[in-house]
2 protein chains.
Amino acid sequence: MGFQVGEVILIPTTIKDVAEVAGVSVTTVSRALNGYSDVGEETRRKVQKVAEELNYRPSAVARSLVMKRTKTIGLLISEMMSDKSGHHFTFEVLRGLHDALAKNGYDLIFANTTTAKQRLLSYLDFCTERRFDGVIVMGIRLDDPYVHEVTESPLPSVVIDIPLLSKHCGYVMTDNIHGCELAIQHLTSRGHRNIGFVNGHKEAEVSRQRLRGYKDALEKCGLPFEPSLVYEGDFSVESGAAGLEALLSANPDLTAVFFASDLMAIGALRWAQQQGIKVPGDVSIVGFDNIELSEYVTPGLTTIHQRRYEMGVTAANSLVAMLEGDMAQGRVLPPDIVIRGTT
Amino acid sequence: MGFQVGEVILIPTTIKDVAEVAGVSVTTVSRALNGYSDVGEETRRKVQKVAEELNYRPSAVARSLVMKRTKTIGLLISEMMSDKSGHHFTFEVLRGLHDALAKNGYDLIFANTTTAKQRLLSYLDFCTERRFDGVIVMGIRLDDPYVHEVTESPLPSVVIDIPLLSKHCGYVMTDNIHGCELAIQHLTSRGHRNIGFVNGHKEAEVSRQRLRGYKDALEKCGLPFEPSLVYEGDFSVESGAAGLEALLSANPDLTAVFFASDLMAIGALRWAQQQGIKVPGDVSIVGFDNIELSEYVTPGLTTIHQRRYEMGVTAANSLVAMLEGDMAQGRVLPPDIVIRGTT
DNA sequence: GTTGCAAACCAAAACGTTTTGGTTTAGACT
DNA sequence: AGTCTAAACCAAAACGTTTTGGTTTGCAAC
């Protein structure tokens, strides 16, 4: 008897123990500790004292079973966001999620997509086994079939960076269209007319949006859209360098390039410096994300800031609201432009 | 009846449902699905088929209650590691932890130290309520009283970066002494004789070790230890700059400085460049950690690499081993030196 | 035609809570 | 003296599993 972990046996006090010592029923202990009104003041104090003395901690497991809610939220992250370079974006969102969830009494359980694969379960099955109250979905590729199983299920979910809205599925994302507009406007205001664009891979919804934003912004500024000015990268440092090289050789009169991620912009910046191309002298560079790195490269990277911590908080609060009966919502956060040395 | 989340009611199939449809007892369903031998082949197939059809997923909650183990590991991180700059170190360790735990069927639950504070519980009480099977402790200040409550309790734990070893508490850390030796040896091999040291705050065990390592290495190289060559920072970018400034003004003949973290080294590097001090021309810089950033600053930062992902994996495996009855262990991982442009 | 044994199955207890639907007691009102 | 009500308490059911200690059946061995 007791809680078996390894060779050790932990024996946490149960409500029964408290009841016996206090000389009342378990019902009374439960109701006394949970603040119900049908227990006498004296009895309540007695129970509290005994519970304190025995160091009683109600089992979340037992409670979850009978209450039919676990107060746990699953965090579904794809490798895309949890790989070696994922931290720049992911970590801050995570902090926001955690802080807001903790404030509401929920715990966050990691369940990156390998967890499920390890156990040969679909994400949804995994969530069902663990009886999560809700799920946060993050960095999922549009072509991942399992993710839709989750977002379409009745399990309440909030998706980050894909605008999926249904009865049980809300989302949070940055206003990418406006972000691109800020970037292009800034470049044109500095006199640039030939502005290239290096996008992320097209399995990401944000890539679609940013391409659209780039086009819209050009139009707004009265510039023509030129397909040869667009390069499809994959968000990585390497593809940024490759993108700049490709665009420059195809368009020698290019004077500025907008990148769909800071990591790509930084890759391009390094490549340019190695090639003796001056930034911003020969070519100006604007990134997207405002990761911490962008402040520390030389020259500092001009970029579009995403409120990552706030995205986490918003997603968490949105999910909690759904769990309390609110409608699912889509929330779009405004970006800001941060002007540094590359423009 | 059913699982209540918000207004929605999810009704997962239970073992009872499967039993009824398959026309057997719940005992048989349980034993059939869990591979026991006292169930006929035909019955087993029948049960499996029905379970599949009804999409049955055994409740981890109910199972935890009766099995007296939750297959969950708590992750205790202090603000120190989960603040805005924490990701450089924390995220990789996290990945290692998660990957290794998932492989063993354990889930990782975030419980940064604010979680507990929010709920007015000690960390240990929080762990007890959630009935974690074990805990990973990370980035805790030496002077945090609650952490010792955890590591001294019978709850199996593995601490990262503090050498606490007892019956139920193991640890994983980098060989800081050797790391410092690598750094100092590298600097002396380049002819430096006056080598300063900017340490982290002294509430961190790693700071103590790195100071010791710095001293030992000087001695090994036949150089005298000079207290005025040591500055106590706090691991932050700002304190790195302040450290370099202070050391330089107190010791004009300084030619190299070793920093206890990359973040501080980078702060110093930026400050130096702003002041027109050439790196590595006027002063050489070595950091510690090898965070991703250190590769991208200009010039690239020479630093001591910590195997962060491996630390996570090692800690996780160590904890799992303890849960299976092994002794708690202390494991020390070797550092490497990464030579880049600042030396 | 017992006895013994293995194979296949099952009823019930246990895990630690919350909640439902009571019962008991004491005092107030007729 | 009887009825009603409110306050204080409690027994038992429920949650969904695993496990213990069986029982039943059929067949081989004597």
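This is a predicted model, so every value here is computed, not measured. So that the names make sense, note that chain A is the first sequence line, chain B the second, and so on, each numbered from 1. Computed over heavy atoms, backbone and side chain alike; hydrogens, waters and symmetry mates excluded.
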Salt-bridge criterion met for B/Glu41 and B/Arg45 (N-O under 4.0 Å): yes

Between A/Ser25 and D/dC10, is there a contact of a side-chain N or O with OP1 or OP2 at under 4.0 Å? yes

Return no unless some side-chain N or O of A/Lys68 is found under 4.0 Å from OP1 or OP2 of D/dG16. yes

Pairwise salt bridge (Lys or Arg N to Asp or Glu O under 4.0 Å) hits with a residue in residues 25-39 of chain B, at least two apart: B/Arg31-B/Asp38

[atom1] of [X] versus [atom2] of [N]: gap in Å, rounded?
{"X": "A/Lys71", "N": "C/dT18", "atom1": "NZ", "atom2": "P", "value": "14 Å"}
{"X": "B/Arg63", "N": "C/dT17", "atom1": "CZ", "atom2": "C1'", "value": "20 Å"}
{"X": "A/Leu65", "N": "D/dT18", "atom1": "CG", "atom2": "C1'", "value": "13 Å"}
{"X": "B/Ile15", "N": "D/dC15", "atom1": "CD1", "atom2": "P", "value": "14 Å"}
{"X": "A/Lys16", "N": "C/dA13", "atom1": "NZ", "atom2": "P", "value": "13 Å"}
{"X": "A/Glu129", "N": "D/dT17", "atom1": "CD", "atom2": "P", "value": "10 Å"}
{"X": "A/Glu42", "N": "D/dA7", "atom1": "CD", "atom2": "C1'", "value": "14 Å"}
{"X": "B/Met67", "N": "C/dA14", "atom1": "CE", "atom2": "C1'", "value": "14 Å"}

Please name all residues satisfying salt bridge (Lys or Arg N to Asp or Glu O under 4.0 Å) with [X], sequence neighbours left out, ordered by chain then number.
{"X": "B/Glu52", "value": "none"}
{"X": "A/Glu129", "value": "none"}
{"X": "A/Arg63", "value": "none"}
{"X": "B/Lys49", "value": "B/Glu53"}

Test of understanding: with side-chain hydrogen bond (donor to acceptor under 3.5 Å, both in side chains), list the residues that count as partners of [X], not counting sequence neighbours.
{"X": "A/Arg331", "answer": "A/Gln329"}
{"X": "A/Tyr56", "answer": "none"}
{"X": "A/Glu152", "answer": "none"}

A/Thr13 side chain to A/Leu54 backbone, donor-acceptor under 3.5 Å: yes

Donor-acceptor contact below 3.5 Å, side chain A/Ser153 vs main chain A/Val150: yes

Is there side-chain contact between A/Ile162 and A/Tyr171, with at least one heavy-atom pair below 4.5 Å? no

Does the side chain of A/Thr28 reach to within under 4.5 Å of the side chain of A/Thr43, using non-hydrogen atoms? yes

Picking from C/dA12, C/dG16, C/dT17, which would you name as closest to the side chain of B/Val26? C/dA12

So if I take every side-chain heavy atom of A/Thr28 and compare against C/dT19, D/dT18, D/dC10, which nucleotide ends up nearest? D/dC10

Where along residues 43-55 of chain A does a heavy atom come under 4.0 Å from DNA chain C, residue by residue in number order? none

Residues from residues 29-40 of chain A lying under 4.0 Å of DNA chain C - heavy atoms: A/Ser30, A/Arg31, A/Asn34, A/Tyr36

So, taking the atom named CG in A/Asp17 and the one named CG in A/Asn55, what distance separates them when rounded to the nearest 0.5 Å? 12.0 Å

Could you work out how much the helix from C/dG1-D/dC30 to C/dT30-D/dA1 bends, comparing the axis of its first five pairs with that of its last five, to 10°? 70°

Could you check whether the side chain of B/Thr27 and the base of C/dA11 have a donor-acceptor pair of N or O atoms closer than 3.5 Å, going by distance alone? yes

Listed pairs, N/O of protein and of nucleotides 25-28 of chain D, under 3.5 Å:
none

Using a 4.0 Å heavy-atom cut-off across all strands, classify A/Ser59 as base, sugar-phosphate, or nothing. sugar-phosphate

